[in-house]
Structures are given as structure tokens and as C-alpha cells.
Amino acid sequence: MILLKVGEKLKIPGFKKVIPGLSFGRFKLRDEFESDHWYVAQLEACIQSKSLSQGKIIHQHIIKNNSHIKDFTIILDKLAHLYVKCNEIEHARRLFDKIPNPSVVCWNMMIRAYAWNGPFQQAIDLYYKMLQLGVTPNKFTYPFVLKACSALQDIQVGQGIHEDVEKLGLEMDIYVCTALVDMYAKCGDLFQAQTLFNGMSKRDIVAWNAIIAGFSLHTLHKETMELLVQMQQAGIIPNSSTVVAVLPTVGQANALSQGKAIHAYSLRKMFSDSVVVGTGLLDMYAKCHDLSYARKIFDRMKQKNEICWSAMIGGYVTCDSMTNALTLFDEMVHVYGLNPTPVTLASILRACAKLTDLIKGQSLHCYMIKSGMDFDTTVGNSLISMYAKCGMMEDAVGFLEEMTSKDTVSYSGIMSGCVQNGRAEKALIIFRQMQLSGFYPDLATMMALLPACSHLAALQKVFDRMHKRDVVSWNTMIIGYGIHGQCTEALSLFHEFQVSGLKPDDVTFVAILSACSHSGLVKEGKYWFNAMNQDFKITPRMAHYICMVDLLARAGNLDEAYIFIQRMPFEPDIRVWSALLAACRTHKNIEMGEEVLKRIQELGPESTGNFVLMSNIYSSVGRWDDAAQIRTIQQHQGYKKSPGCSWVEVSGVIHGFIGGDQSHPQSASINKKLQELLVQMKRLGYSADSNFVLHDVEEEEKEQILLYHSEKIAIAFGILNISPPKPILVTKNLRICVDCHSAIKFMTLITNREIIVRDASRFHHFKNGICNCQDFW
DNA sequence: ATAGGGTTAG
């Protein structure tokens, strides 16, 4: 019986004391210890000292002497416990399965092991097995099994378990109830989380942190900050977990000044030495585009784990600082010897996608396979996007087909890739496959798909073939009509939808309101906004307020829109103000524009779009100096205008153009066509609308600058290469400019062609000198 | 004697 090699030393201090029979040189057990009791004592010592190697020695000894053991239950229980303690979960499970009637404590231990380390489904399966065998779970069981539900975002199982909790009368237990609040909050049912939280007789800091984290993670910035105040009013002082819980929404909302205040609080409270707090702060700064501060925090962190490395790398990728991201990744792996996690890999793949670096992307794919990460849904989705962005659609689709855990995002990535690579019909086929496989499209799916439905007929095809028309498919159709400016059709479809007996949801109303807004139907929009609240009992969200502000302001009711914003039941976000600012540009209202810009700046760093809008407002009334100053501020703050790009598809190949582009092989004939069109357009009464050209230059020069806007180049190219009567479809990344909009009307008259421009906000159908948007966009 | 809350990502 060799249990310890001769000369091997015991590594655990104090171990000798509990194993009296064990000597260093020669291994010997005294007979009186070779009993159940002896084994239990030894195993407990191993558990306490987390000694796996010593525990295995005892385990071997038990196997060799099993004929002397009277009661296996307790010994297997301890052995399983030992392996759990030492993170050998599968080993523990094998022993656990051999125990004839495990105690509740033992079941809980096993469930906990899976709830902490995964696979999370195992925790849930064990819980149901326990019930099946007639074992009654106790208040310790629930926090574990609910944690597994949270990790899986499985609200259905969570609800079932909630019913069990009520049957057992455990819902009043503060631990169990907090776990329920956490489960609902993490799964996105914030209403249920809040209801349970409000019903708690006593709310301690853990309960508060759970509800705050839920709101924060679901990007409800204002509600999160309100809860933070309420918590303090209830006499509870925020701790480091509170800080960490709040930070994600602060970053998401770009609320830099709030973030700095939280940073200061953390310094005062000495929280900032913690890796978790440091990571939260770093991420917040990166999300607010303050990379230098983020990096400062990263560099000063005393201990670093994979998560903070991933956060810093992800921050660089988000801010388009790809070189830094790749350098840091290299350092993490090769200098610090840390293994990339699925999250790290997802970020690095996103960097490859942004750089269209296929070679690096492929080598990461190899690494994924080697490390088994190709089974991770998020990493897989990032890989799909990378292949799609690099134009490698076959690789993308091939990977999707092999994916065992695909979801809506996987399909959306493929579809957006198809659309961007000129395979619109393929995108629609995949859309159908996705729905047949039981996946529901979300907003991202629709955004990816809409450019593919250049002709409404295509969408109608898709719709008619749907076997089951649900809320989502109705919404899709309504959105489709709305974005094409066909509000009447959208409203009649909405009517049909209600007749069908299904209930419209909040998305339906976003579709209805934006359809009204695109067509300038103010009265109808107001009617449905009220009806949604009163008749359909749907509380308007930020998106609905944005639509309403857009609707009122676009139609010229700027003051009404302003008052509407002031009467909102929650704080308007930047998008609400941006909608108003866009209308200030259209209606050339400088005073309000300045006021709105002030509000926008109060809300934190802003996107380029708002600078451009304000600068355009000044230009439109000839205040060139003010316009230039705004551009200077923009540049000073490091915002670069994303260049206007337009695309047009000719026999399956996508041609892309940027403003002033001369790089296309057909440039010479494009230029000739444009000059030709200009002469004819002027003859019909066109004059260059130079309001939006920054420099105060000669009339003729303005004309030439405007003539080479990307959409005009793309259209000229389309006229030359697409034979009539096929309409010319151009896609533009930004909103179409005022001059182009009026020029294209003339072009349809000159060429007798139908021209469709899908810009950042909608489709414009130009035909016979008019656009169906009625100049609302 | 086994309990609830915190950071990164498509």
C-alpha cells in the first residue's frame, strides 16, 4: 500500500496534527483509525486546507479498503465536498451520483458548484432532479439555482422556480427574495424585479445593489440614478458594489461628469484599489471616449485580471484605436502570459472586422478552435461579423451552419453581411430560415435587413409567406411602409393588424409614430400617441418621445416640441434634443438651435452629428464665422466627421463612393455625366443650394463642390451603368443633403429615371421631379 | 455551516 512516496513532504502546515498515523518517511496507518470516522476526519482536514493532493491519497486509500467501510453516504459526501472545494467539479459530480440519498446540504453544494462555475444548466437540472426524488429544497437552495437562471438569462425557468419558492413559503426570506430580484432584473423583467423589491419588508444594501445593477445593465440611466438617491435617503451608504453596479449605465449614457463624481467618491472611500471598481471606472471612461484617463486607471491598477485587460482592449476598439488594442492584446498574451477569454477574443475580432484584417481574423479563428471557444455564442457571432465585413460570406455562412448555439445575433450578422456584399436576395432567404428555426428578429435584425428590401414588394414577399403572423412580423411590415414614407399604407396595415386579434406592442407604436413623422402627419401622430397610453395601456418610452419630438419639430412646430420635451415624465436624452436640433436646421431657427445645443452639451460629450447640424444652421443664414467656430470646437474636442459615403449596386457588384471621389475606373465618364446634368438642371431652374457648404466661396465653386457629393457621383454612375426602366438604388450612410435632394428631383425629369435613395433615416423615392418624402426627412 | 449584490463582449 503505497500512498505517499518515500521522502515526499507534506505541504500543508499543521496537517500532521490531524493525521496522527502519517509519517514522513514511511506511510503507515494505525488500525484504530481505519474506520469511517477516521476517513471523515481526514477528509474534513483536507477540505479545510483545500488540499487536493492529500485528499486524493485518502481517496485512493478508501478505494482499497472499501470492504471496511460501513456507511458510504457520509464518506462520499465529504469526498464530493473536497472536490468541489478544490474546483474539481466533474470529479465531485461522479462521486455525488454514487451517493444513495444525498442530504439537502449535499444537493445544495453540488448546485452551488454549477451555479458558480457552470455549466449553469446543470444547476437547474440538478434542482429538478432533487424535486423528482422527493427532496425538499430549503432557503439555501434558491440563491444558487436562481443564480444559474440569471447566468442563463432563462426567465421561464426562473418564473417556475419563483412559484416553487412561494409554495414553500420562502419568499419572505431576505436572501431568497434578493436572489429573485436579481434574477428578474438580470433577465430584463425590471417591473417584476421592482415589484418584489418594493414588497420586501427590509431592504439591505445587497437588495438595493441588485435592483440598481438591473436597471443599470438595461441602460435605464435616469432610473438607476434615482434609485441611487432613494437608497441613500433610506439611510444606506453606497459601497463598492454599488459603485460598480452604477457605472455601466453612466458610461452608456456618456455622463462623464457623473462618472467623475463617482470616481471621486471611490477615491474618498478607498474603493479604487479594487480590481473590480478599477475596471468599472476604466470602462466608464472608455465609453465616454476619454481613453487617456481610462489608460491612466489601467496603468495604475495594482492587480490586473483578464477582465480589466479585456475592458481596456474593448475600450480601444470601441474608440477606433485599433493599433493600441492589438498592441495591448499582444502584451496581455505574450508579456503577461494571460489567456484571452471569450470576451477578449470578441473584442479583438471586432478590431479585425473594423480593419478588414482577414489574415489576423483567420488566425484568431484557429485559436478559437484550439481553445474550444468556437462553441461560445458571442465569440462565434463576432467571428461571423468579421468574415462578413471582410467580404468572406461563404466562411461566415459556413460557420453559422456549424454553430451549435446560434441566436438572433448570429443571423443578423450574416444578413447584414449579405446586404453589404450586394447579396440582398440571399439576406431575405436567410431571414426566412431564421424565422423557420424559431428565432425572433430584433431591432438590429430589421436594421440589417431593411436596406435589402429596396422594393417593398420584396418585403411583401417575405410577409405573405410567413406561416404565423405575429406581432414582430406585423411590426416589420409597418416599419417597412413607414420608412418608405407610405404612411397611409402603414396605418391601414395597423388597422388590419388590430382586426386580426393580436395586440400591438410598444414597437408597433414606434413604427406608427415614425411613419407619421416621415409623412408629416402631425394630427394622426398625436392621436396615436394618446391612444397608445390611454387605450392600449402602453407607457411611452424614450423612443416614442423621440418620434413625437421629431414629428412636431419636423412639421415646424418647434415651440410645441420644446414644451413637449419639458413636460416629459423623465429626463430627455441626447437623441430627443438631436431630433429638435435637426428640425432647427430645417427651419433655420438659430435661437432655439443654440439653446438646444447648450442642453446637448450639458448631457456630456456629443456625437459629430450635432456639431454638423449646428454648423449647418449658422451656414444657412450666412453666419460663416459662427459655423467655422463650431467646426473648430468639434475638431478641438477630437470629433471627426464621418465622411459621406454612397453605394450603388451594378450587376451584383457594390460600388462605393465618397465625396469628391475620383478613384473609380470610370471617373472620367462620371465627371462628364455630372457636368452634363448640371447644365441641363440649371436650364430647368436648379440653383445650387449652398447653405450647407461651409466656405463663403464663389457661386460657381460651390456648385462644383456640391456636384461631387457622394450620392450624386453614385447616381451618375448608376445612370451610366443601369439600363432603364430599372430604378437606380443608392444607399447613403448619412442623411441626404438638401442640395442633393433638390438636384435629384431635376435628374429624374432629365433622365426620365426612377431614383431611390436609402439614407440614414428613410427611403426617398424620386420620380417625375418629386420625392415621396414630401421634403420631410 | 451550504446563503443574496459588483467589472469586460456579439
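Keep in mind that what you see is a predicted model, and the values were worked out from it rather than measured. Reminder, nothing fancy here: chain letters follow the sequence lines and each chain counts from 1.
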Mind checking A:Leu217 for me? I need base, sugar-phosphate or nothing, with any heavy atom below 4.0 Å counting as a touch.
-> sugar-phosphate
Quick one: CE on A:Met386 to CG on A:Leu358, what's the gap to the nearest 0.5 Å?
-> 6.0 Å
Could you name each residue pair satisfying side-chain hydrogen bond (donor to acceptor under 3.5 Å, both in side chains) that touches residues 239-251 of chain A, not counting sequence neighbours?
-> A:Asn209-A:Asn239, A:Asn209-A:Thr242, A:Asn239-A:Thr242
Evaluate the ring planes of A:Tyr336 and A:Trp309, with Trp represented by its six-membered ring, and classify them as parallel (under 30°), tilted (30 to 60°) or perpendicular (over 60°).
-> tilted
Using a cut-off of 4.0 Å on non-hydrogen atoms, how would the nucleic acid contact of A:Ser410 be classed: base, sugar-phosphate, or nothing?
-> nothing
A:Tyr127 vs A:Trp107, ring pair (Phe, Tyr, Trp, His ring centres under 6.0 Å): CA-CA, chis, key distance, verdict = CA-CA 8 Å; A:Tyr127 169 77; A:Trp107 279 100; 9.7 Å; no
Could you label the plane-to-plane angle of the A:Tyr411 and A:Phe439 rings as parallel, tilted or perpendicular, counting under 30° as parallel and over 60° as perpendicular?
-> tilted
Give one of base, sugar-phosphate or nothing for A:Lys186, where a contact means two heavy atoms less than 4.0 Å apart.
-> sugar-phosphate
Touch class at under 4.0 angstrom, heavy-atom based, for A:Ile174 against every strand present = base
With a 4.0 Å cut-off (strictly under) to non-hydrogen atoms of chain A, the first and last hit nts on DNA chain B, 5' to 3', are B:dT2 to B:dG10
Pairs in or reaching into residues 218-237 of chain A: which pass ring pair (Phe, Tyr, Trp, His ring centres under 6.0 Å), with residues at least two apart or in two chains?
-> none
Which part of the nucleic acid, if any, lies within contact of A:Lys406, taking any heavy atom under 4.0 Å across all strands shown: a base, the sugar-phosphate backbone alone, or nothing?
-> nothing
